[in-house]
Amino acid sequence: MRGKRGGGVCAAMVLAAVSMTSCTGDGRSSEARAFEEALRPLSESKSFRMAGELRGPDGSRTAFDARLDGRGACAGTVGDAESLLVGERVWTRWADSALPALVSRLAGDREVPELDPVADPALDVRWTAVELLRGSYMVTTLPGEVPESEGIAPVCRTGLLLAEAATGGGDVVSGPVTVRDKERLRPLSRTVGPVTIRVYVPERGGPKARLAEYQVEGGRSVSTRFSDLGKPVTVRRPDGEQTVGSGDVMAVLRQDGA
């Protein structure tokens, strides 16, 4: 009887060792605990910095660097633009050299059209839109008509969602170890509906978030690293600066199809 009982204990230990997910005393998996612990510093510190890359369904990649103030506002850069979010409004100002490509994206062009050297620029709606935006902040009340009009807002809101994920529910699975910046990291993923949040933690040691990814079905994603946790951030509206409403810019561009 002892032999059989001992064999049963050994078999149980083997099963536990090869199980992909182990449970803790409260019924949650150790992966879920590690996932939440890795993101908890974001929710506790409130303010922090995010630096990484936005990826579109068309494969486009846009670098960003944002600082969140812990009260829903944030400011920073996205691509060639400086941008800030306060409440439901976002202000974005692009470098002059980036305006022709921006206007083409706002207009839905597949390629940046070449200017006709003999055409009257005043009759070109894209030229008109570029002049409206030159030196001005484009102001958008969310949601914007097109993704480009929302500036840094998607980054800021993703940061808040990542912080909230520290107290969320759902299963977490561990993926194969990968090497990022010469460090061996283990990805922990939680999928809820169309959204997958993936946190990369060191293969050994405590679960500290080295990198996080927020992916939405359809190809949009944010990949980011965090720093300056708890460092105070002040976000001020650009009062007194030249502005133009995104609706006014889009109205000009719609004249092209009128």
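In this structure, Ser189 contributes its side chain and Arg198 its backbone to no donor-acceptor pair below 3.5 Å.
Between Glu145 and Arg254 a salt bridge is recorded (basic side-chain N to carboxylate O distance below 4.0 Å). Taking 4.0 Å as the cut-off between side-chain N and carboxylate O, Asp181 and Arg225 count as a salt-bridged pair. A salt bridge between Glu131 and Arg134 is present, with a side-chain N of the basic residue lying under 4.0 Å from a carboxylate O of the acidic one. Between Glu203 and Arg180, none of the side-chain N atoms (NZ, or NE/NH1/NH2) sits under 4.0 Å from a carboxylate O, so this pair counts as no salt bridge.
By the criterion of side-chain heavy atoms lying less than 4.5 angstrom apart, applied directly or through intervening Ile, Leu, Val, Met, Phe, Trp or Tyr residues, Val139 is not grouped with Val103; the two fall into different hydrophobic clusters. Each of Val216 and Leu211 belongs to its own hydrophobic cluster when Ile, Leu, Val, Met, Phe, Trp and Tyr are linked at side-chain heavy-atom distances under 4.5 angstrom. A continuous path of hydrophobic side-chain contacts links Leu229 to Val201 [ILVMFWY only; heavy atoms under 4.5 Å]. The same ILVMFWY cluster, assembled from side-chain heavy atoms under 4.5 Å apart, contains both Leu161 and Leu188. Under the 4.5 Å side-chain heavy-atom criterion for grouping Ile, Leu, Val, Met, Phe, Trp and Tyr, Val177 is not connected to Leu185 through any hydrophobic cluster.
When side chains are defined from C-beta on, Cys74 does not count as touching Val233, because their heavy atoms never get closer than 4.5 Å. Side-chain contact between Arg190 and Leu39 is absent, with no heavy-atom pair separated by less than 4.5 Å. Contact of the Thr167 side chain with the Glu36 side chain is not registered, since no non-hydrogen atoms from C-beta on lie closer than 4.5 Å. In this structure the side chain of Glu213 never reaches within 4.5 angstrom of the side chain of Pro187, judged on heavy atoms. Side-chain contact between Tyr200 and Glu183 is absent, with no heavy-atom pair separated by less than 4.5 Å. At a threshold of 4.5 Å between non-hydrogen side-chain atoms, the residues Leu85 and Leu142 count as touching. A heavy-atom distance below 4.5 Å is found between the side chains of Glu150 and Pro143. Inter-residue side-chain proximity for Ile197 and Tyr214 is flagged as met; some heavy-atom pair is nearer than 4.5 Å.
The two residues Leu68 and Cys156 make their nearest non-hydrogen contact at CD2-O, 3.5 Å. Closest approach of Ser174 to Glu31, counting heavy atoms only: CB-CG, 3.9 Å. The two residues Val199 and Ala38 have their closest heavy-atom pair at CG1-CB, 3.9 Å. Minimum heavy-atom separation, Val86 to Arg237: CG2-CG, 4.1 Å. The minimum heavy-atom distance between Thr92 and Ser83, with the atom names listed, is OG1-OG, 2.9 Å. Residues Gln242 and Ser136 approach most closely at NE2-OG, 2.7 Å, considering heavy atoms.
Note that the CZ atom of Arg67 and the CD1 atom of Ile152 stand 10.0 Å from one another [nearest 0.5 Å]. Atom CZ of residue Arg93 and atom CH2 of residue Trp91 lie 13.5 Å apart, to the nearest 0.5 angstrom. Taking CZ of Phe64 as the reference point, atom CD of Glu53 lies at 8.5 Å (rounded to 0.5 Å). Between atom CG of residue Asp65 and atom CE of residue Met50 there is a gap of 10.0 Å, rounded to the nearest 0.5 Å. With rounding to the nearest 0.5 Å, the separation of CD in Glu164 from CG in Leu42 is 11.0 Å. A distance of 10.5 Å separates CD of Glu148 from OG of Ser104, quoted to the nearest 0.5 Å.
Heavy-atom neighbours of Asp96 CG from other residues, nucleotides or ligands within 6.0 Å: above the threshold of 12.
When each of Val244, Val130, Leu106, Leu132 is paired with Val252, the side chain to side chain contact (heavy atoms under 4.5 Å, CB included) condition holds for Leu132 and for no other.
In this view, Ser221 and Arg55, Gln215 satisfy the side-chain contact (heavy atoms from CB on, under 4.5 Å) rule, not counting sequence neighbours.
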